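One structure is given below, encoded as structure tokens.
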Amino acid sequence: MRHQHCHSDAKKVELPTLTHRLRQSSRKVTGAREAILDLLRQHPHPMTNREISELLPSGLCDLVTIYRSMHLLEKLGLVKSYHFGDRQVRYELINTDNAHHHHLICKGCGLVLELKGCFLKELERAIEGEHGFKGISHNLEFFGMCLACQKKKATA
Ligand SMILES: [Zn+2]
Ligand SMILES: [Zn+2]
């Protein structure tokens with residue numbers, strides 16, 4: 001688990017910056033939206049609605065409100081959704097200095113590592129050239145077994 005917080009020394013975006021972005025889109029900064037943004041701000045990896053719900057102060061809002069809030073925040077470009085192949089949607093705050101990146105996920109324990117940068121820009125350009133598309137994007141996540149899980153398996 002030693003890479004768990006590999007991303008945590010990255011500069012955390014300030015909460016007022018996020019709420020300002022909400023206001024700029026003429027959206028009300030409700031208690032729930034602010035609390036969700038604050039929570040995501042402090043978590044370097046994508047979270048499910050249920051995980052968010054469990055970490056919010058109890059009684060602040062129900063799961064439906066969280067679903068709606070995440071939908072809105074995604075529409076406004078404040079969060080990005082990820083699919084890690086387990087039918088759950090996970091949300092991560094869009095960090096302006098690391099907006100596009102990929103994840104490496106352990107199938108054993110669910111550890112999530114953030115991979116730096118993207119190695120597919122050239123491929124995108126080639127696809128654009130070949131098919132005449134513009135504004136190509138992609139979603140890609142990597143799966144495997146982490147060191148700790150390999151060791152556990154070896155000693156089991
Ligand atoms: Zn693992
Ligand atoms: Zn990429």
Side-chain angles (χ1 to χ4, degrees), residues 1-22 24-25 27 33 35-56 63 66-156:
M1 302 290 248
R2 61 204 158 108
H3 297 293
Q4 182 92 51
H5 298 295
C6 62
H7 184 57
S8 62
D9 25 317
K11 213 173 73 190
K12 269 189 205 134
V13 53
E14 301 289 331
L15 187 58
T17 311
L18 296 171
T19 51
H20 176 70
R21 282 166 69 189
L22 256 184
Q24 268 184 325
S25 328
R27 305 294 172 156
R33 289 172 191 170
I36 290 168
L37 286 171
D38 197 27
L39 191 66
L40 289 173
R41 195 176 70 87
Q42 297 176 52
H43 286 258
H45 299 307
M47 299 172 83
T48 65
N49 285 334
R50 196 162 288 282
E51 284 167 343
I52 291 167
S53 160
E54 276 160 15
L55 289 171
L56 284 179
L63 209 48
I66 295 174
Y67 273 97
R68 290 200 187 120
S69 302
M70 297 323 289
H71 191 75
L72 173 74
L73 295 175
E74 184 173 27
K75 212 172 80 181
L76 298 177
L78 281 154
V79 303
K80 181 171 163 39
S81 62
Y82 288 95
H83 299 266
F84 289 174
D86 58 0
R87 291 160 186 248
Q88 304 244 48
V89 187
R90 286 175 171 78
Y91 294 95
E92 190 174 77
L93 205 60
I94 293 180
N95 192 339
T96 40
D97 47 279
N98 192 19
H100 177 85
H101 58 264
H102 300 275
H103 298 96
L104 174 61
I105 301 125
C106 175
K107 287 194 284 190
C109 63
L111 168 74
V112 178
L113 303 187
E114 194 167 286
L115 301 174
K116 285 209 176 86
C118 178
F119 22 80
L120 294 168
K121 295 290 167 202
E122 251 175 71
L123 180 63
E124 281 190 344
R125 271 196 295 276
I127 294 170
E128 282 179 358
E130 198 183 330
H131 300 282
F133 273 50
K134 283 263 176 279
I136 286 194
S137 63
H138 60 265
N139 290 314
L140 177 68
E141 310 302 346
F142 297 87
F143 299 90
M145 203 60 99
C146 77
L147 266 176
C149 284
Q150 291 171 48
K151 274 186 206 146
K152 233 183 278 161
K153 215 177 168 195
T155 54

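Values reported hereafter were calculated over all heavy atoms of this structure, with side chains retained and with hydrogens, waters and symmetry mates removed. This one's a predicted model, so the numbers in the text were calculated from it and none came from an experiment. Note that ligands are numbered from 1 as they come in the structure, with each ligand's atoms numbered from 1 the same way.
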(request) Measure up the Phe133 and His131 rings against each other and bin them: parallel (under 30°), tilted (30 to 60°), perpendicular (over 60°). (result) perpendicular
(request) Calculate the angle formed at the Zn ion (ligand 1) by SG in Cys106 and SG in Cys146; 10° precision is enough. (result) 110°
(request) Scan side-chain atoms only and decide if His101 and Glu92 contain a donor-acceptor pair under the 3.5 Å cut-off. (result) yes
(message) Taking CD in Gln24 as the centre, count heavy atoms belonging to other residues, nucleotides or ligands within less than 6.0 Å. Is the count above 12?
(response) yes
(message) Could you work out, with ring pair (Phe, Tyr, Trp, His ring centres under 6.0 Å) as the rule, every residue matching His83, not counting sequence neighbours?
(response) none
(request) Without swapping roles, check the side chain of Arg41 against the backbone of Val13 for a donor-acceptor pair under 3.5 Å. (result) yes
(request) At a cut-off of 2.8 Å, list the protein N/O/S atoms near the Zn ion (ligand 2), residue plus atom name. (result) His100 NE2, His102 NE2, Cys118 SG, His138 NE2
(request) Classify the side-chain pair Glu74/Ser81 by whether it contains a donor and acceptor separated by less than 3.5 Å. (result) yes
(request) Take the Zn ion (ligand 1) as the vertex and measure to SG of Cys149 and SG of Cys109; round to 10°. (result) 110°
(message) Taking NE2 in His138 as the centre, count heavy atoms belonging to other residues, nucleotides or ligands within less than 6.0 Å. Is the count above 12?
(response) yes
